[in-house]
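Only this structure's heavy atoms are used, side chains among them; waters, hydrogens and symmetry mates stay out.
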Amino acid sequence: TPRLAPTIVGAGQPMELSNLDVEEESHIVIYSVAGSVIRQFRVQGTDVFHLNAEETAGLYLLHVENGHQSATLKYIVNP
């Protein structure tokens with residue numbers, strides 16, 4: 001199951017999405033709580049993906065999906 005850490009960050013701080021399936025392409029989508037797509041990524045060949053919390057303060061949903069996994073994870077960006 002994919003994991004995101006940390007789940008509470010300041011704007012611009014790094015986060016790590018781990019436990020991805022290295023055999024499959026993972027599609028990662030970040031949504032606002034209103035359901036708008038904020039950012040999208042495609043990742044393959046690694047079990048760890050690094051990203052920065054570039055959004056403004058608020059609650060966000062990160063959805064990751066590939067051929068074997070599907071998970072929606074929450075994170076908070078503090079002001």
Separation between [atom1] of [X] and [atom2] of [Y], rounded to the nearest 0.5 Å:
X	Y	atom1	atom2	result
Glu65	Glu24	CD	CD	11.0 Å
Arg39	Tyr31	CZ	OH	14.0 Å
Thr72	Leu4	OG1	CG	12.0 Å
Tyr60	Met15	OH	CE	10.5 Å
Asp47	Leu17	CG	CG	10.0 Å

Flag side-chain contact, heavy atom, 4.5 Å: Val37 against Val29: yes

Indicate the atoms forming the closest heavy-atom contact of [X] with [Y], along with that distance.
X	Y	answer
Phe49	Ile28	CD2-CD1, 3.7 Å
Leu20	Val64	CD2-CG2, 3.7 Å
Ser32	Ile38	N-CG1, 3.6 Å
Ile30	Leu51	CD1-CD1, 3.7 Å
Val9	Pro6	CG1-CG, 3.4 Å
Ala53	Gly10	CB-O, 4.0 Å

Transitive ILVMFWY side-chain link Val48 to Leu73, under 4.5 Å: no

Hydrophobic cluster membership, Ile76 vs Val33, 4.5 Å side-chain cutoff: yes

Gln69 side chain vs Asn66 backbone, donor-acceptor pair below 3.5 Å: no

Donor-acceptor contact present, side-chain His63 to main-chain Ala71, <3.5 Å: yes

Stepwise side chain to side chain contact (heavy atoms under 4.5 Å, CB included) check, Ile8 with Asn78: CA-CA 7 Å; Ile8 301 175; Asn78 284 327; 3.2 Å; yes

Contacts of type side chain to side chain donor-acceptor pair (under 3.5 Å), residue Glu23, not counting sequence neighbours: none

